[in-house]
Amino acid sequence: MNFTRWSARLPGTQRRTAVRDDQGSVPAARAESARPVPGSAPPGEEPDPSGGPLEALSASEILGRLPAPVALLHGPDLRVTYVNDAYAAAFGERARGAPAAEAMPELTELGLLPLVGQVLRSGTPRTVKSRKVRSGHSYTVTCTPAGVRGPEGTDGDAGVLVYATDVTDHAEAAERLRASERRHRDTAVTLQRSLLPQDLEQPDDLRIAATYQPGGTDTAVGGDWYDVITLGAGRTALVIGDVMGRGVRAAAVMGQLRTAVRAYARLDLPPHEVLQLLDVLAAEIDPNQIATCAYAVHDPNEGHLVHASAGHLPILVRDEDGTVHRAEEPPGPPLGTGGWDHTSGTIALPPGSTAVLYTDGLVERRGEDIDEGVAALERALSGAVGAPQVVCDRLIRSLGVTAEHDDDVAVLVVQHPSRTGTSAELFHNASLDLLGGVEAAPRARAFATGVLTSWRFPVELRDLGVLAASELVANSLQHGTPPMRLGLRRTDRRLIIEVTDGDEHLPRRQQAEPADEAGRGISIVATIASSWGSRRTPGGGKAVWCEFVLPG
């Protein structure tokens, strides 16, 4: 065996400088075949380890001094030729000449027998890292091809040197680190899921489902979130966002942003104004953290989504015939960057259509342009039919998202169903332009009475609806400006009454004094209705509305 050829491959050892000459080979690694050489110690004495050339030591002496377990196997059946003291201390004495498969069960524990045979046949060294045995110790093992002399110095068979390094401390430290990372990830996943809506709000006019899937076990959880917020008067806000970070911190920032979105949504502002408020808040929460967000509002009377984006991916809408449209308005800067260049755009959402809001984990792949991922999502959406949750699941499968995906994924699917037959009978709209002066009030009452009667509401609910419409119209006539309009809408769950006019001043509920002749209209509406509110309309002016929940 030529020790100078393979000794440099032993991990954890340092080869001494040796004088190179034409006689650089070392006798076989068998104690009985070692022959004295000039300069070696007399028989019975140990050679001086601090001096003398490498060739002055036999291979068995060198291997015997190593603190790491070493074994030498030879022949096609891999018979034990030599084990050093460190090997015997770690695994026990091994009978020389016996096949390794019988005499060395530790090789089976470490899964090394097939590898040793492969090294013997190929002549190529192989290493396996951090394998554990029953004793609890972990070893990194290198198997190196080696020539072995037979008895009495005859030529022997090819052999394999097995060199093991005890890495138990390193393996235990790595396992503790992995356990800590798993606990950290589990905490982040738990926090993330607890901050997401447990039950999505389900508006009367839409059907909605959402899915959140954290990244694989080796991936830190990100800050993806979604939300559905009913704004009143049949309008619904749809939100999806992604905090650019991982772990508990990203989940905590996500929770603060989601709470803020719900608060700002109650102001019933245009989408781009909501994002501008969020941008300021995101910078205050953490100046080093940015987030993307898409915010959209659906109004059943308009038939489209009004939306704005802060660095987020475009909303996709699938028509009933399978055609997919992409929101064309360019996104504004991400939240937390101090940018105020957000604008609101619109995308049609007619009956029978499906809208999809999503985070980048669904479409982004390493080495691939993200536009290719969005295009793949468009193709998947064009053929995705069924209930919203079915569409969610189909999109995730079509985009190849698995439990070991390398990023979080959030998907929000919104369907505007087309209703026919009995279902369609539960949804009605009626409106009246309020023209003229004081005579508009009695016309509005007569109109509301006739419509609510035709919709077959109970007498009590019809009378309450007429009273609310009368008070809202009176308030608009007194404090608003033309054009004025009364709108009535019924769904399968509620009656909505809304009055619009050209004045931007929003009414507020106030306590009227006993002697006051006015100022009680909004208080009356707030008392008799399930809810009420007001908002500014995009073209200038305002809308004041109230709702009544229909009896079950």
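Residue numbers start at 1 and run along the sequence shown. Just so it is clear, the structure is predicted and the values come from calculations on it, not from any experiment. Heavy atoms only: backbone and side chains are in, while hydrogens, waters and symmetry mates are out.
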Can you list the steps and then say if His325 with Asp319 is a side chain to side chain donor-acceptor pair (under 3.5 Å)? CA-CA 8 Å; His325 307 276; Asp319 290 341; 2.6 Å; yes
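- Residues Leu349 and Val317 are in side-chain contact: their nearest non-hydrogen atoms beyond the backbone lie under 4.5 Å apart.
- Side chain to side chain, Asp224 and Tyr212 fail the donor-acceptor criterion of an N or O pair below 3.5 Å.
- Looking at every heavy atom in both residues, Pro314 comes nearest to Ala327 through CB-O, 3.7 Å.
- The distance from the OG atom of Ser344 to the CG atom of Leu305 is 12.0 Å, given to the nearest 0.5 Å.
- Shown here for Leu335 and Cys293, the closest heavy-atom pair between the two residues is CD1-CB, 3.8 Å.
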Worksheet entry | Audit row: Arg536, Asp268, salt bridge (Lys or Arg N to Asp or Glu O under 4.0 Å) steps and yes/no | CA-CA 8 Å; Arg536 290 187 174 90; Asp268 223 333; over 6 Å; no
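- Taking all atoms of both residues into account, the shortest heavy-atom contact from Leu399 to Gly373 is CD1-O, 4.1 Å.
- Residues in residues 117-142 take part in these ring-ring contact (aromatic ring centres under 6.0 Å, His included) pairs, two or more places apart or across chains: Phe91-Tyr139.
- Under a 3.5 Å cut-off, the side chain of Arg318 and the backbone N or O of Leu381 do form a donor-acceptor pair.
- At least one side-chain heavy atom of Leu238 sits less than 4.5 Å from a side-chain heavy atom of Leu412.
- Pairing each heavy atom of Leu426 with each of Arg490, the nearest pair is O-NE, 3.2 Å.
- How far CG of Asn301 is from CG of Asp205: 8.5 Å, rounded to the nearest 0.5 Å.
- Using a 4.5 Å heavy-atom cutoff, the side chains of Gln389 and Asp393 are in contact.
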Walk me through it: do Tyr163 and Thr140 pass the test side chain to side chain contact (heavy atoms under 4.5 Å, CB included)?
-> CA-CA 8 Å; Tyr163 181 93; Thr140 290; over 6 Å; no
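- Side chains of Gln202 and Arg207: no donor on one and acceptor on the other come within 3.5 Å.
- Side-chain N or O atoms of Arg394 include one that pairs as donor or acceptor with a backbone N or O of Gly383 at under 3.5 Å.
- Applying the side chain to side chain contact (heavy atoms under 4.5 Å, CB included) criterion to Asp503, with sequence neighbours excluded, gives Thr481, Asp501, His505, Lys542.
- Remark: His405 NE2 to Gln213 CD distance equals 8.0 Å, nearest 0.5 Å.
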(Q) Show, in sequence, the C-alpha distance, side-chain angles and deciding distance for Arg235 and Glu547, and conclude whether the salt bridge (Lys or Arg N to Asp or Glu O under 4.0 Å) test is met. (A) CA-CA 12 Å; Arg235 302 168 72 251; Glu547 294 182 348; over 6 Å; no
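- Residues Leu395 and Val356 are in side-chain contact: their nearest non-hydrogen atoms beyond the backbone lie under 4.5 Å apart.
- Between Arg535 and Glu498 a salt bridge is recorded (basic side-chain N to carboxylate O distance below 4.0 Å).
- At a threshold of 4.5 Å between non-hydrogen side-chain atoms, the residues Val549 and Arg493 do not count as touching.
- Scanning both residues, Leu495 and Gly465, for their nearest heavy atoms gives CD2-CA, 4.4 Å.
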Walk me through it: do Thr359 and Glu364 pass the test side chain to side chain contact (heavy atoms under 4.5 Å, CB included)? CA-CA 9 Å; Thr359 57; Glu364 190 172 29; over 6 Å; no
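- The distance from atom CG of Leu550 to atom CH2 of Trp455, rounded to the nearest 0.5 Å, is 10.5 Å.
- Using a 3.5 Å distance cut-off with no hydrogens or angles, the side chains of Thr537 and Glu504 do not pair a donor with an acceptor.
- Between Leu313 atom CG and Ile370 atom CD1 the span is 4.5 Å, to the nearest 0.5 Å.
- Remark: Arg419 is positioned above the aromatic ring of Phe427, its terminal NZ or CZ atom under 6.0 angstrom from the ring centre and at most 45 degrees off the axis.
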- Task: Using the side chain to side chain contact (heavy atoms under 4.5 Å, CB included) rule, take His307 and Tyr295 through it: C-alpha gap first, then chi angles, then the decisive distance, then the call.
- Result: CA-CA 6 Å; His307 63 90; Tyr295 183 92; over 6 Å; no
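- Atoms CD1 and CG, from Ile229 and Leu200 in turn, are 11.0 Å apart once rounded to the nearest 0.5 Å.
- Smallest separation of non-hydrogen atoms from Ser534 and Trp545: N-NE1, 3.7 Å.
- With respect to Leu269, the side-chain contact (heavy atoms from CB on, under 4.5 Å) criterion is satisfied by exactly one of Leu275, Leu277, Val297: Leu277.
- When side chains are defined from C-beta on, Ser431 counts as touching Arg485, because their heavy atoms get closer than 4.5 Å.
- Residues Val141 and Thr127 form no side-chain contact, since every pair of their non-hydrogen atoms from C-beta on lies 4.5 Å or further apart.
- A 4.5 Å side-chain heavy-atom check between Val391 and Val385 finds every atom pair outside the cut-off.
- Under the 3.5 Å distance criterion, the side-chain polar atoms of Glu201 are matched with a main-chain donor or acceptor of Thr230.
- Annotation: ring pair (Phe, Tyr, Trp, His ring centres under 6.0 Å) contacts of His416 (sequence neighbours excluded): His298.
- No side-chain donor-acceptor contact under 3.5 Å links Asp408 to the backbone of Pro214.
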